[in-house]
Amino acid sequence: MKGPQQQYSTAGNIRVLARVRPQLPHEYQYDHAVEVPSAAQIKLQNTKQSYESSYDRVLPDTSSQEHVYSQVSGCIPSLLQGYNNTIFAYGQTGTGKTYTMIGDQSMTLAEACSTPSSTSGHGILSRAVYDLFAELDQRKAAA
């Protein structure tokens with residue numbers, strides 16, 4: 001019999017993802033840029049200096065909510081297998097943590113309660129809860 005670390009590849013893994021949000025209109029006046037030269041690298045620069053950093057995955061400002069969720073949705077099966085999972089959003093005020101995790105706060109109640117789609121503003125939380133209950137329903141129907 002395999003141990004938990006051998007049986008499930010997601011057990012014990014920590015991944016760090018960085019999401020770049022689009023610039024806000026008032027930020028265009030500043031002389032700085034954020035580039036995503038590769039799927040794992042981010043470059044910040046202004047006229048005086050440049051900083052590069054690598055992550056497991058960098059999501060550019062064009063990433064949809066659905067695409068962001070697809071990068072972390074693999075935790076749902078391991079959660080149902082009894083493993084603890086944490087999705088943690090960290091960053092400065094105004095960097096998009098709430099939007100990424102909860103979603104578009106301008107959605108109506110009906111939109112917020114609807115099924116997440118590729119074009120909806122649902123965040124990671126509502127998409128994960130939807131997938132979790134969908135999987136539980138499938139297991140119940142198969143039993």
Side-chain angles (χ1 to χ4, degrees), residues 2-139 141-142:
K2 293 181 180 180
Q5 296 296 335
Q6 298 167 343
Q7 193 170 5
Y8 306 107
S9 63
T10 58
N13 288 340
I14 295 175
R15 295 186 332 153
V16 178
L17 283 70
R19 183 180 193 182
V20 177
R21 70 156 170 79
Q23 279 189 301
L24 299 174
H26 71 277
E27 293 173 331
Y28 289 108
Q29 67 182 326
Y30 301 108
D31 189 20
H32 66 275
V34 178
E35 295 178 33
V36 181
S38 73
Q41 191 175 32
I42 189 169
K43 183 177 182 180
L44 309 171
Q45 59 187 11
N46 63 23
T47 56
K48 297 180 183 177
Q49 59 187 356
S50 175
Y51 175 77
E52 292 186 32
S53 184
S54 296
Y55 300 89
D56 293 306
R57 181 66 128 175
V58 175
L59 305 169
D61 60 352
T62 56
S63 296
S64 67
Q65 291 286 71
E66 180 184 46
H67 178 68
V68 173
Y69 179 65
S70 74
Q71 300 300 305
V72 298
S73 62
C75 68
I76 297 298
S78 64
L79 178 69
L80 291 169
Q81 293 165 349
Y83 290 96
N84 293 325
N85 287 273
T86 300
I87 299 173
F88 181 73
Y90 178 79
Q92 292 179 315
T93 300
T95 56
K97 299 175 302 294
T98 302
Y99 179 77
T100 297
M101 297 300 288
I102 297 173
D104 185 354
Q105 294 182 334
S106 67
M107 287 192 297
T108 65
L109 181 59
E111 291 169 330
C113 294
S114 66
T115 303
S117 69
S118 61
T119 58
S120 72
H122 291 88
I124 290 172
L125 181 59
S126 58
R127 290 173 187 274
V129 168
Y130 179 83
D131 283 354
L132 179 64
F133 281 99
E135 180 64 28
L136 291 172
D137 285 344
Q138 285 180 345
R139 290 180 181 200

Nearest non-hydrogen partners of P22 and D61, listed with the distance: N-CB, 3.6 Å
Which value, rounded to the nearest 0.5 Å, describes the distance between I87 atom CD1 and S73 atom OG? 8.5 Å
Without swapping roles, check the side chain of R15 against the backbone of R57 for a donor-acceptor pair under 3.5 Å. no
Partner of S120 under side chain to side chain contact (heavy atoms under 4.5 Å, CB included), picked from E111, R127, Q65, E66, is R127
Can you give me the closest heavy-atom contact between I76 and Y69, atom names plus distance? CG1-OH, 3.6 Å
Output the distance between atom CG (L79) and atom CG (D131), rounded to the nearest 0.5 Å. 11.5 Å
Please name all residues satisfying side-chain contact (heavy atoms from CB on, under 4.5 Å) with R21, sequence neighbours left out, ordered by chain then number. L24, E27
S114 backbone acceptor or donor facing H122 side chain under 3.5 Å: yes
For P116 versus S126, what's the shortest heavy-atom pair and its separation? CG-O, 4.3 Å
So CD1 of I102 and OG1 of T100: to nearest 0.5 Å the spacing works out to 10.5 Å
In this structure, CG of L136 is separated from CD of Q138 (nearest 0.5 Å) by 9.5 Å
Output a table of donor-acceptor pairs, distance under 3.5 Å, between side-chain atoms of residues 35-44 and any protein atom two or more places apart or on a different chain; print 'none' if there are none.
from: E35; atom 1: OE2; to: Q45; atom 2: NE2; distance (Å): 2.8
from: S38; atom 1: OG; to: A40; atom 2: N; distance (Å): 3.3
from: S38; atom 1: OG; to: Q41; atom 2: N; distance (Å): 3.3
from: Q41; atom 1: NE2; to: E52; atom 2: OE1; distance (Å): 2.7

Where M101 and A89 come nearest, the two heavy atoms and their spacing: CG-CB, 3.7 Å
Indicate yes or no: at least one non-hydrogen side-chain atom of L59 is less than 4.5 angstrom from one of V20. no
Y83 versus N85, closest heavy-atom pair with distance: O-ND2, 3.1 Å
Listing, residues 90-99 side-chain donor-acceptor contacts under 3.5 Å, not counting sequence neighbours, or none:
from: T95; atom 1: OG1; to: Q92; atom 2: O; distance (Å): 2.7
from: K97; atom 1: NZ; to: G91; atom 2: O; distance (Å): 3.2
from: K97; atom 1: NZ; to: Q92; atom 2: O; distance (Å): 2.8

Quick one: does any side-chain atom of D56 pair with a main-chain N or O of L17 as donor and acceptor, under 3.5 Å? no
